[in-house]
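Note that the coordinates shown come from a computational prediction; the quantities given were computed from them, not determined experimentally. Here is the naming used below: chain letters follow the sequence lines, and residue numbers restart at 1 for every chain.
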Protein chains: 2
Amino acid sequence: MIVYALTQGKKRYVQLKQEIVGVSPKMLIQNLRNLERYGLVEREVYLSVPPRVEYSLTPLGASLMEPLAILGEWAYRHITDVKTAMEHYDRNPETSDYWQPK
Amino acid sequence: MIVYALTQGKKRYVQLKQEIVGVSPKMLIQNLRNLERYGLVEREVYLSVPPRVEYSLTPLGASLMEPLAILGEWAYRHITDVKTAMEHYDRNPETSDYWQPK
DNA sequence: CTGTATCCGTGTCGATACTG
DNA sequence: CAGTATCGACACGGATACAG
């Protein structure tokens with residue numbers, strides 16, 4: 001989701017926090033740090049008051065955009081299928097023929 | 001990796017275990033069960049001695065093949081980039097200008 | 001052959017409070 | 001504004017042993 005949000009260009013910490021709804025500061029930072037570590041995201045600090053930090057995709061990160069978009073498209077189109085599959089899933093030997101089909 | 005292995009058609013438990021090198025029975029089963037729960041993989045039991053169980057992709061699972069292949073292709077091409085990025089990564093304030101750029 | 005059971009270390013994530 | 005610190009719950013994964 002971070003990579004996806006950054007496809008639109010540089011974003012500040014607060015912007016990311018607002019766009020990725022429900023994310024805690026901890027998780028956002030944690031994942032930003034990981035993406036940075038992997039060389040997918042770049043962090044730019046501006047020494048000012050108040051502080052400003054901008055995140056952006058590296059070339060490597062940008063190269064991930066398309067594969068990610070394709071996977072995201074799949075997820076978007078099939079999420080309901082997965083949900084209904086999970087609702088109907090039954091592995092209880094008492095109520096399903098999972099273990100001992102007759 | 002399971003989905004990828006099953007793109008070539010039905011496979012038995014042992015076949016998967018052999019093709020996915022180093023996987024423990026626990027993890028293989030755990031992930032097979034999850035994929036089943038999500039409706040991506042189908043499990044077929046043949047009551048015989050010795051028992052035979054075949055796993056195959058559902059239509060939903062098959063629809064994931066292409067997105068997954070694209071992502072896999074990206075990973076294969078950029079894995080070395082990520083590795084070198086991780087080697088050079090330095091967040092120590094003493095040795096990097098990460099926190100207080102001069 | 002096709003799994004299950006158990007122990008155990010580590011990673012992930014939410015929630016909450018706090019800070020330069 | 002841009003994070004850090006801490007706690008606790010849970011999932012993941014390896015290792016090993018065992019079972020129908």
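Here the CD atom belonging to B/Glu73 is positioned 8.5 Å from the NE2 atom belonging to B/His78, to the nearest 0.5 angstrom.
Screening A/Thr58, A/Leu60, A/Leu57 for a side chain to side chain contact (heavy atoms under 4.5 Å, CB included) involving A/Val41 leaves a single residue, A/Leu57.
Applying the side-chain hydrogen bond (donor to acceptor under 3.5 Å, both in side chains) test to every pair with at least one member in residues 22-32 of chain A, sequence neighbours left out, gives no pairs at all.
Between the CG atom of B/Leu47 and the C1' atom of C/dC1 there is a distance of 13 Å, rounded to whole Å. If you take CZ of B/Arg33 and C1' of C/dT2, they are 9 Å apart, rounded to a whole angstrom. Atom CG of A/Leu28 and atom P of C/dG14 are 11 Å apart (whole Å). Protein atom CD1 of A/Ile2 is 11 Å distant from nucleotide atom P of C/dC13, rounded to whole Å. The CG-C1' distance, from A/Leu32 to D/dT4, rounds to 14 Å in whole Å. Taking atom CG of A/Leu16 as the reference point, atom C1' of D/dA2 lies 12 Å away to the nearest angstrom. The distance from atom CD of A/Gln18 to atom C1' of D/dG3 is 15 Å, rounded to the nearest whole Å. In this structure, B/Tyr55 places its OH atom 14 Å from P of C/dC1, rounding to the nearest Å.
At least one side-chain heavy atom of A/Arg43 sits less than 4.5 Å from a side-chain heavy atom of A/Arg33. Between A/Tyr55 and A/Lys10, every side-chain heavy-atom pair lies at or beyond the 4.5 Å cut-off. Contact check for B/Pro25 versus B/Leu28: no side-chain heavy atoms found under the 4.5 Å cut-off. The shortest side-chain heavy-atom distance between A/Glu54 and A/Arg52 falls under the 4.5 Å cut-off. Side-chain contact between A/Ile2 and A/Val23: absent, with no pair of heavy atoms (C-beta onward) separated by less than 4.5 Å.
Which of D/dG3, C/dG3, C/dC1 sits closest to the side chain of B/Arg12 comes down to C/dC1. Which of D/dC1, C/dT2, D/dG3 sits closest to the side chain of A/Val53 comes down to D/dG3.
Across its full length, the helix from C/dC1-D/dG20 to C/dG20-D/dC1 shows an angle of 50° between the axes of its 5 terminal pairs at either end, rounded to 10 degrees.
With salt bridges taken as basic N to acidic carboxylate O contacts below 4.0 Å, none links A/Glu87 and A/Lys83.
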Could you write nucleotides 11-20 of chain D as a row of B, S and -, 5' to 3', where a protein heavy atom under 4.0 Å of any base atom gives B, of only sugar-phosphate atoms gives S, and otherwise -?
--BBB----B

